[in-house]
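The structure appears right after this line, and notes come after that.
Values below: every heavy atom of this structure, side chains too, minus hydrogens, waters and symmetry copies. Every number for a ligand or one of its atoms is a count from 1 in the order of the listing. Throughout, numbering of the chain's residues begins at 1 and tracks the sequence.
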Amino acid sequence: MVKKSLLILLFGCFFVCSLFARGYSAHESLKLHEGWEFSKAGTDEWRKAVVPGTVHQDLIAHGLLPDPFYGMNEDKVQWVENEDWIYRTSFNVTDEQLARDEASLVFEGLDTYADVYLNGSLLLKSDNMFVGYRIPVKDVLRKDGNKLMIRFRSPINETMPQWETDGFNYPADNDHSDKRMSVYSRKAPYSYGWDWGIRLVTSGIWRPVSLEFYDVACLNDFYVRQLSVSESEADIENRIELDGVCDEKKTVEVSVTATFGNEVVKEVRTVEIVPGENSVMIPMKIVNPHLWMPNGWGEPCLYSFVASVKADGVEIAKKEHKIGLRDVKVVKEKDKDGESFYFMVNGKPLFAKGSNMIPNDALLPRVTSERYERLMEDVKSSNMNMIRVWGGGIYEDDAFYDAADKNGILIWQDFLFACTTYPHDPTFLKRVSQEAEYNIKRLRNHASLAMWCGNNEIYEGMRYWGWKDKYSEEIFNEMKEGYDAIFHKLLPEMVKTYDPDRFYMHGSPYEANWGRPESWKIADSHNWGTWYGQKPFESLDKEIPRFMSEYGFQAFPEMKTIRTFASPEDYALESDVMNAHQKSTIGNFLIKKTMALYYKVPEKFEDLVYAGLVLQGQGMRHGMEAHRRNRPYCMGSLPWQLNDSWPVVSWSSIDYYGNWKAMQYQTKRAFAPVLVDAIKEGDDICYYIMSDRLDDLNVTLSLDLMNFDGKILRKFKKDGVLKANTSVLFHKEKEIDALDGNNPANTMVRMIVKSDKGDILSDELFYFAYPKDQMLPDSPVKYKVKYKEGVCEVTLKAEKLARDVFIEVPVQGARFTDNFFDLLPGQKKTVVISSPEGYSLKDMEIKIHQLSDIQ
Ligand code: NHV
């Protein structure tokens, strides 16, 4: 009897258990981007919102805010920063989802002071736009009608009490407000204004938000640490962080698989995990790895590394990273000249060719992966191998670093502090440490990530920008303490803890200052002589640093970009609308002043725009070539700046709409793998050849002296060896001999470097006189247009020399295989124009400009 009832009980138990027992399932992640509405706090007027987004974008979409980029609308949109904004949505989940071991809300970015509520529960008060959060929500989740609400508090009102009690303005000159509150918030500095930037102090859910469900454990982090990498072996530590959400200990199987083509390396471990934090380390060796090479040196090979967790045979979590195996070191060592600064990649010194990047938009959620990819293609096709993500912007989206990995572009990453001191109270430091941990962990797997740098120009500012006299001794001392606390203590400690194999430097420039020649011998330099110093571009020949991490010169964007924000009546250098799009107070004056050194300064606005583009391109190229000529003393050239965040007059080489300014074409030429470059040194003309290739070459340099009508006046040839990865003075002659009695005003040298296989490695021109002193011929450019397969082929020809030929088309973002080039007498050249999808090139108007039209 007893036995029988026990049997019934057991059977009953089994029946009940099996009714409720459920197998484990895989991690599920659902984007929560639907059904959002927003309202200005206190109004209860709800309108549809787009997430991810910003309140500015939503207001624009509803016609409640004019396009901030147009005309002088910037002034009209400033009120938004003073308001609180509420975003809300509701969603349902299934019984199965509710029954999972855990559910989380994952925010990848909230801008900035955000209180997050779900079903009556305050889940999070966030205060840093650079930090993402994972919040467990199982306890408050319901099946139907979950109400999620986020209240964004005005970043201005939020920090006002800090500003009021501090009692002084920080030296944040780029903050375009009388009350400089940008420093108190961990929010993109440039959004408060910059000397190329519109002020749009945004709020919103600026990065994705999702709802995740999982059983047993969440795979929080998968770190592929490269202990050492050589051609023969990569020694790797795979570190996996699991957040156990089961009630008790559980045995799971953790594996890591590294795949390249059909080569597979796999390691498996059985581990017991506990509720809460778990760390699993799986070492791995890959023999004869396919190395990730920077652009110009070979393929940026990427392995697929997959970490997988199985419980009871079911894969409950999985994470994949594309991993480039490579060895990157920064060699910053004392030497006979001062202190070196260069990148060693896979054991070889790399001359860094690149630019400084700012955020791609004043409204960040508009930056799609396609825009990142396009910019990276531009970077790659311009022969660059490095981009500095400058400290006044953001830690970019994953898509940016993915694109850099894929294209072999090294990334110099600043932490986000620029051009001003910052507070260092405990709350501030805590925010910085959370932000550093989050972003270091997010970015450390990228092959492209070459180094961390504490900030942009704060050390320089403290020493040379007059802050010592501007502030009381007490406040200035606090600023110095703050610098030490953040950049000499907190951030290096964070890098050491979370990314111990990556180089950290406290700030850029490290020591050099552009007004103090003796300091140029040390590490990296920002040389602003050609701008703030009002010096000619030739100064860059003499002012050679160990690594040039910033130097720049402004140009207007081309007319089709100006037309997007201005009307014909605004087409004047000093019109109100143009001035609203020129944030450098001395900008127009400097453009004209420097232009007058080299060119006749045109009267007509459109001509000035064109001449300014030419000037910026030629001038900056002069610097790039100087830096390359001076390797190995100087080992890098990063002009200021690559891109724009809105349509504006700036130092950029690519405008907001992706149009290359002349400077980008000149950059592509100046950074070619092999380049011949002539320069006048005293009475001599010196012909240098630079090579970033990794093989030695037998080459012939030919020099053809010709006049602007195309007549060959003299021919010269010289054979020699061009060593790998070097710069060499290949040939030198007296200018008087080079000219051979001809007129410098209408004569040029065509310089061609050929390999012994007959390949043309470099084909460049040298002019003896400045354009304003040249006798440029009247040389109409004739052209024929052919349309085929969506592209437009323009074939151009001129009887005589045509300089700085600019093919202007009205299609926004159109791409050219070449532009802003010199057309030799009688030379036929075909340029292919393609357009972004959706734009037709058919029957578009084509205008050809050349320098002689305006000289
Ligand atoms: O002004 C152009 C750029 C800036 O947009 C950006 O902050 O880091 N710029 C100029 C300088 N640094 C940078 C150099 N700054 C100064 C030069 C001379 C006096 C004071 C400041 C970039």
Side-chain angles (χ1 to χ4, degrees), residues 170-176 180 182-183 188-199 354-360 362 387-394 412-422 453-470 505 507-516 519-520 524-535 539-540 543 545 547-556 581-591 594 616 619-620 623 638-646 648-654 656 663:
Y170 273 84
D173 287 352
N174 292 296
D175 182 332
H176 292 165
R180 295 177 190 162
S182 51
V183 292
Y190 84 108
S191 68
Y192 292 80
W194 213 266
D195 58 3
W196 37 257
I198 184 172
R199 178 182 174 98
S355 193
N356 282 276
M357 190 174 111
I358 63 165
N360 282 307
I387 291 295
R388 170 173 175 236
V389 178
W390 163 82
I394 57 167
W412 162 328
Q413 179 70 49
D414 281 0
F415 285 99
L416 302 179
F417 304 87
C419 302
T420 171
T421 54
Y422 284 83
C453 171
N455 69 77
N456 176 70
E457 295 182 356
I458 303 180
Y459 182 58
E460 156 142 337
M462 286 202 305
R463 294 202 297 176
Y464 304 121
W465 295 358
W467 301 346
K468 195 163 185 252
D469 300 329
K470 193 169 162 192
M505 176 164 94
S508 177
Y510 173 77
E511 176 67 34
N513 168 255
W514 61 269
R516 293 165 178 78
S519 68
W520 302 339
D524 75 315
S525 249
H526 296 189
N527 188 330
W528 282 93
T530 54
W531 185 252
Y532 297 98
Q534 305 189 20
K535 294 185 188 180
S539 62
L540 294 167
E543 302 184 4
F547 188 107
M548 190 71 102
S549 41
E550 273 189 24
Y551 62 112
F553 193 85
Q554 276 197 347
F556 281 56
H581 292 251
Q582 164 59 289
K583 302 291 186 189
S584 171
T585 43
I586 47 168
N588 293 343
F589 159 76
L590 283 179
I591 290 174
T594 303
Q616 182 203 29
M620 290 301 291
L638 308 182
W640 182 266
Q641 71 203 60
L642 178 67
N643 55 334
D644 281 332
S645 61
W646 70 310
V648 68
V649 184
S650 82
W651 298 262
S652 74
S653 52
I654 301 179
Y656 175 70
M663 176 174 154

What protein heavy atom sits nearest [atom], and how far off is it?
atom                    : result
atom 13 (C) of ligand 1 : Glu550 OE1, 3.1 Å
atom 16 (C) of ligand 1 : Trp465 CZ2, 3.8 Å
atom 4 (C) of ligand 1  : Asp195 OD1, 3.5 Å
atom 6 (C) of ligand 1  : Trp640 CZ2, 3.5 Å

Quick one: does [X] get within less than 4.0 Å of ligand 1, heavy atoms only?
X      : result
Gly392 : no
Glu457 : yes
Trp531 : no

Polar-atom distance check: [X] versus ligand 1, any N or O pair below 3.5 Å?
X      : result
Trp651 : no
Tyr532 : yes
Asn456 : yes

Hey, does the side chain of Asp195 reach the backbone of Asn174 with a donor-acceptor pair shorter than 3.5 angstrom?
->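 Judged by distance alone, no pair lies under 3.5 Å.
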Given Trp514, Trp528, Tyr551, which has its nearest heavy atom closest to atom 18 (C) of ligand 1?
->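 Going through Trp514, Trp528, Tyr551 one by one, Trp514 has the nearest heavy atom to atom 18 (C) of ligand 1.
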Using a strict 4.0 Å cut-off to heavy atoms of Trp194, name the atoms of ligand 1 that fall inside it.
-> 4 (C), 5 (O), 6 (C), 7 (O)
